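Please read these numbers as outputs of a predicted model, since none were measured by experiment. In what follows, residues are counted from 1 in the order of the sequence shown.
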Amino acid sequence: MRTLTSIFLLLLLPLTLSAAPGVKGKVIDGKTRNPLEYAHVILYMNNEVISEAMSETDGSFLFENLQAETDYMLIVRLVGYDVYSSTPVRTNGSVKDLGTIPMRQLEIGLQEVEVVANKKQVVYKLDKRLIEASSNLLAAGGTAVDILENTPSIRVNAEGEVSFRGSSGFTVYIDGKPSIFSGTQALEQVPAYQIQNIEIITTPSAQYDTQGDTGIINIITKKEYQADISGFVNVSTSTMGTWVTDLFLTKQNKSSHWYIGGYARQHKRESDFEQEKTTIVNDTITTSHSTGPRKSNGYYYSGKAGWGYTAPKTTYKIDMEAGYGGVKRKGRLDYEEERSTQSVVFEKGAFRSLDDFDIHETYYQGNLSANHSFNEEGHILNGSFYLKYGGNALEYFESNLMDLKNNRQQGHRAWEDEHRWTVRGNLDYVLPYRSTGQIKTGYQYFSYLEDGDYSMQFWNPEIQQFYWRDDIYNTFYFQQGINSIYAIVADSYRSFDFQVGVRGGNTPGRN
């Protein structure tokens with residue numbers, strides 16, 4: 001036990017590395033004191049450009065391996081802000097910290113802007129890829145699925161189903177919190193215009209509970225609120241009959257804001273399926289050719305409201321949402337099958353398969369969160385509580401085998417009716433121990449309850465009707481609770497990034 005304790009303490013010890021001469025700092029908005037990302041920082045020596053950098057998400061930047069006892073100059077530029085020019089900065093034998101660099105917003109005089117570079121569409125980091133979505137014009141009027149269509153390791157088939165690294169078993173997060181839906185259905189509920197960035201997390205850290213899934217897709221939404229009352233209404237449609245309409249109204253006061261909004265969408269897809277298949281068993285060869293159309297309609301209707309309050313160092317938020325959504329899909333396949341032995345055909349057949357699928361749910365959810373910032377270096381503590389109820393959740397599937405005269409030969413129907421409760425609580429603490437390194441630790445509680453029943457019907461060709469299979473009918477009740485803690489040490493040295501983490505948990509309740 002003493003050995004395990006020593007190993008854990010060693011993970012939490014700050015890394016001690018010999019520092020070469022350098023310059024670091026943090027770019028912030030001079031008025032709001034918020035960190036500024038993608039600020040262009042230029043380092044000069046004797047009026048010559050020595051190096052350039054873009055500020056990180058927390059506004060920080062770092063120049064390393066500079067000459068000792070040398071004077072440098074810094075210039076910081078960002079569209080919408082006045083240019084910042086520093087006084088001479090004298091380096092010594094370590095990294096010189098310039099502290100925060102406040103940028104002054106331009107009030108007047110911004111008449112012309114010259115675009116000299118485009119923001120990267122894909123940014124690769126240690127454990128994830130960051131997809132810049134706010135400037136994706138091709139996805140306008142669509143959803144997160146449309147943004148991800150051309151993303152590496154993401155595939156979207158003709159029916160709009162998303163697979164991540166070849167699997168549909170992935171988790172969707174919204175602003176770092178698990179979505180109320182899963183997989184493709186979760187991605188289709190987020191309008192593209194609301195998305196700032198999308199994180200593709202292929203190797204989740206110990207902070208996340210992926211429950212055995214292949215990875216995480218985290219959607220980061222836009223959070224800018226204009227002063228006083230503002231809002232918008234969007235309406236779009238297509239020749240396929242797909243339509244989207246939504247509205248959003250918000251008011252920003254000095255230290256608080258509220259919002260209300262609504263969203264409605266029907267997303268229709270049509271595709272044609274064709275397949276050639278050959279099966280060889282011993283000396284018998286079976287070949288089949290199948291073709292047919294498929295149609296699907298994803299629908300979603302929701303209303304939401306929220307309120308937030310910002311104190312000098314603490315932010316409080318409450319969000320509520322209710323909605324109804326689902327997917328309906330129909331398909332038809334016409335088969336022609338032939339069986340032969342030694343090139344002699346001994347059996348031919350033609351038949352038709354009809355499939356019908358429907359899944360939908362009514363839901364209500366609420367979220368409470370608080371975030372406290374101890375300083376401007378990223379030392380924070382945040383907590384959140386999330387509750388969701390899904391009622392009238394029904395998954396229905398029907399499959400029928402017909403002859404070419406549309407007479408049903410075989411068929412079955414299945415219903416799965418459920419009620420679901422989800423509870424999640426998080427408490428996370430972040431402690432930076434230097435400009436590039438930090439310790440993360442936290443506690444998470446997750447509870448899921450599902451109550452429902454499963455039943456099936458089969459086709460009886462003698463009486464020409466469906467009948468219930470009482471031996472397949474089943475009621476079920478499932479409850480699971482998970483308590484977990486985690487700790488992560490992350491740092492970087494020059495071009496080398498790394499993180500080490502540990503996670504542990506228990507499941508006190510499971511039925």
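In terms of the side chain to side chain contact (heavy atoms under 4.5 Å, CB included) criterion, Thr87 has no residue partners (sequence neighbours excluded). Among residues two or more places apart in sequence or in another chain, the salt bridge (Lys or Arg N to Asp or Glu O under 4.0 Å) test is passed with Glu395 by none. Applying the salt bridge (Lys or Arg N to Asp or Glu O under 4.0 Å) test to Glu416 and every residue at least two apart in sequence or in another chain returns nothing. Phe374 pairs by the ring-ring contact (aromatic ring centres under 6.0 Å, His included) definition with His372, His379, not counting sequence neighbours. With sequence neighbours left out, the ring-ring contact (aromatic ring centres under 6.0 Å, His included) criterion links Tyr486 to no other residue. By the side-chain hydrogen bond (donor to acceptor under 3.5 Å, both in side chains) test, Gln67 pairs with no residue at all, sequence neighbours left out. Looking at residues two or more places apart in sequence or on another chain, you find no salt bridge (Lys or Arg N to Asp or Glu O under 4.0 Å) involving Asp453. Qualifying salt bridge (Lys or Arg N to Asp or Glu O under 4.0 Å) partners for Arg33, counting only residues two or more places apart in sequence or in other chains: Glu376. Considering only residues two or more places apart in sequence or on other chains, Tyr72 meets the side-chain hydrogen bond (donor to acceptor under 3.5 Å, both in side chains) condition with none of them. Not counting sequence neighbours, the partners of Trp421 by the ring-ring contact (aromatic ring centres under 6.0 Å, His included) test are Tyr389. Here Ser369 pairs with nothing under the side-chain hydrogen bond (donor to acceptor under 3.5 Å, both in side chains) rule; sequence neighbours left out. For Asn92, the side-chain hydrogen bond (donor to acceptor under 3.5 Å, both in side chains) partners at least two apart in sequence or on another chain are Ser94.
Using a 4.0 Å cut-off between charged side-chain N and carboxylate O, Glu64 and Lys24 make no salt bridge. With respect to Asp491 and Arg434, a salt bridge is recorded, a charged nitrogen being found less than 4.0 Å from a carboxylate O.
A cation-pi arrangement, defined by a distance under 6.0 Å to the six-membered ring centre and an angle within 45 degrees of its axis, is absent between Arg424 and Tyr386.
Contact check for Ile42 versus Arg77: side-chain heavy atoms found under the 4.5 Å cut-off.
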